[in-house]
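Here is the structure we will look at.
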Amino acid sequence: MSDTKAMEIEVLVVGAGFGGLYMLHRLRQLGIAALVVDTSADVGGCWYWNRYPGARCDVESVLYSYSFSPEIDASWKWSERYASDREIQAYLSHVADLLDLRRDIRFKSTVSAAAFDETNNYWNVEIANGDHYRARHVILATGPLTVGKMPEIEGIDQFSGATYHTANWPREHVDLTGKRVGVIGTGSSGTQLVPVVAKQAEHLFVFVRTPNYTVPARNFKMTDEHQKFWEMHRDELRDLQRAGQISGSGEAFVWDRLKGRQFLDARKFTPEERQEILEERWEMGGATVLHNAFARVLVEKDVNELVGSFVRNKVAAKVNDPVTAEIVTPLGYAFGTKRLCVDSGYYEAFNRPNVEAVNCRKAPIVRISENGVITADGTEYRLDVIVFATGFDAMTGAVTKIDLRGKGGRTIQEAWAAGPDNFLGISINGFPNLFLIGGPGSPSALSNVVMANEHHVDFLADLILTAKAKGKTAIEPLPEIQRGWVEHCAEVAAKTMLDQTDSWYVGANVPGKARVVLPYTGGYVAYKRRCDAVTASDYAEFGL
Ligand code: NA7
């Protein structure tokens, strides 16, 4: 660390997205001095960067929003059922103004290193621009899906055309008109981008390796009637959300039709009735509406296959060309074990004459040349532009990319070599006063992330306040408590089918990453109950 004098702050929050902004607000309310740093030039977190054509949240806007402030609710109206990237960023910008947060945010400030000073129980934090901070606590509100992942393809740097990654799309307009565009990746980002780019490009090649299960969003513009519906049911729906009964992907606006009919026991219905149930949900649109139709969909093979085959039949009906339909039909892995996508016209895009699906299961991409993409059968796809929709180093990438050193100079890479051990997805033994918002081992993307963030923030604010009141300057989970939590996470995950499929849920998309089911699979309700017990014990688990 250089000699520049460090700025002292009680809490340094990293990240100006949903988690970081609320953390700053909450700490201020408690009279705790806090500062936020962020790489970007404005608030938004992942929504500052994910600006690719078609980018949209897969959770309904009204439920992908803060619930802690009636003032925010009263001053904001969503324009669509599913908000676009731009609208979510505008929302967070509005929140930052309303709560006067910007004066305590330092933009263009990337944390490069942080080391724990054991003598004084402080973190010395280094910012890439040369700034230094000395903070009692560091809170990583760095988001589960923020570090884009490029694929390991030979010759990737040799391509002479333009390349873009969906997770880091340029802020200036990208004109794809008249271009031959290749899209690699068909997860949420790829399936959202394809129908939009299909309308711009002269020719679009979609390189499909593992087709995803995807359901229609059935997005719509919010009318006054929708707004009235939301205002009337807001409290009830948010209570249900907190109680873990809905997560919001597509449920708010169809809740009246779903009431009491979620997680049905598939065995109690005839095949015709089951088909009817799934058809009705398919028409409503949204991931969880379908996901939550039948109980134990991620646990019982038969139930899973029931829903999986339903989606596959839909694909066959939507895509005109049978060869193309086969390429884009998900097969060989269980429904929902890769995150379900929510699309607007993805399958229909393949019926356009300028869109071509390339079967990378049959002939994988082997190389990128100066001219384009080369597959194992020797075909060279000549391109002007390559879009990498190849995902993220999810849930841990934003933490491990910092040179993070805890007690005894132990690095985070050493601590997490066998998997991201921690307690509640919030705190890591050996790294006192360092906290995560929505870290691995928390429900994260398997719950409503905004609601989960609010929960983590409230929990952390209370933990920090309690430690302060008790005069305790170092907080970390006891080793046996952490061990117990990690074992519990593994135990509940083993009951699901998630580990049987390669996905970012298990870190399989990043070579060398320990294979662990990253989000907590025991459900938001059980997770929250455990957190409440920790609070009730006055944080005995943290040795307070
Ligand atoms: P995902 O869901 O991780 O998808 C990445 C896609 O990229 C997936 O289809 C991969 O295929 C594909 N991929 C990666 N490398 C290659 C190569 N070399 N060749 C062909 N295809 C490749 O990322 P997203 O950004 O779409 O979504 C992530 C989350 O963000 C999403 O779940 C939402 O929660 C929001 P594979 O499956 O590995 O065969």
Side-chain angles (χ1 to χ4, degrees), residues 17 45-47 49-52 54-59 64 82 85 88 143-156 163-169 182-194 205-215 217 247-249 287-288 291 327-328 330-334 336-343 346 357-368 373-376 381 386-395 397-398 438 443-450 452 498 501-511 513 518-519:
C46 68
W47 299 105
W49 299 101
N50 278 264
R51 295 167 58 87
Y52 58 86
R56 203 168 276 290
C57 186
D58 59 6
V59 176
Y64 193 80
Y82 293 93
D85 56 321
I88 300 171
L145 296 155
T146 45
V147 177
K149 172 79 191 64
M150 287 293 276
E152 288 75 26
I153 303 175
E154 195 194 320
I156 203 161
T163 58
Y164 304 101
H165 193 291
T166 43
N168 190 5
W169 199 263
V183 174
I184 301 178
T186 52
S188 292
S189 305
T191 51
Q192 287 186 339
L193 173 125
V194 161
F205 296 93
V206 184
F207 294 89
V208 188
R209 187 165 68 182
T210 315
N212 260 71
Y213 288 92
T214 166
V215 300
S247 83
S249 161
T288 52
H291 227 293
I327 298 173
V328 298
L331 204 60
Y333 68 98
T337 53
K338 276 179 183 286
R339 188 176 167 93
L340 194 55
C341 301
V342 179
D343 74 276
Y346 172 67
V358 179
N359 191 341
C360 293
R361 268 178 296 186
K362 220 159 135 194
I365 297 171
V366 286
R367 203 155 60 79
I368 291 180
V373 168
I374 300 174
T375 50
Y381 295 86
I386 301 177
V387 175
F388 295 101
T390 45
F392 299 86
D393 182 354
M395 299 201 69
S444 181
L446 295 184
S447 65
N448 180 303
V449 172
V450 179
L498 284 186
T501 302
D502 286 349
S503 74
W504 65 259
Y505 282 150
V506 297
N509 62 330
V510 179
K513 190 164 170 172
L518 293 165

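Both ligands and their constituent atoms are indexed starting at 1 by order of listing.
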>> Before you tell me yes or no, could you show the steps for V373 and I386 under side chain to side chain contact (heavy atoms under 4.5 Å, CB included), namely the whole-Å CA-CA distance, both residues' side-chain angles and the distance that decides it to 0.1 Å?
In response: CA-CA 9 Å; V373 168; I386 301 177; 4.0 Å; yes
>> Tell me if a side-chain donor or acceptor on R367 pairs with a main-chain N or O of E154 at a distance below 3.5 Å.
In response: no
> Strictly under 6.0 Å, is that where the ring centroids of F207 and Y381 end up?
Replying inline: yes
> Between the side chains of Y52 and Q192, is a donor N or O closer than 3.5 angstrom to an acceptor N or O?
Replying inline: yes
> Yes or no on side chain to side chain donor-acceptor pair (under 3.5 Å) for D343 and T191, after CA distance, side-chain angles and deciding distance?
Replying inline: CA-CA 6 Å; D343 74 276; T191 51; over 6 Å; no
>> Give the residues near ligand 1 by chain and number, with the criterion being a heavy-atom distance under 4.0 Å.
In response: L145, P151, I153, I184, G185, T186, G187, S188, S189, R209, T210, K338, R339, I365, A389, T390, G391, F392, W504
>> Holding to side-chain contact (heavy atoms from CB on, under 4.5 Å), I want the full list of residues that pass it with W49, two or more places apart in sequence or in another chain.
In response: T39, S40, N168
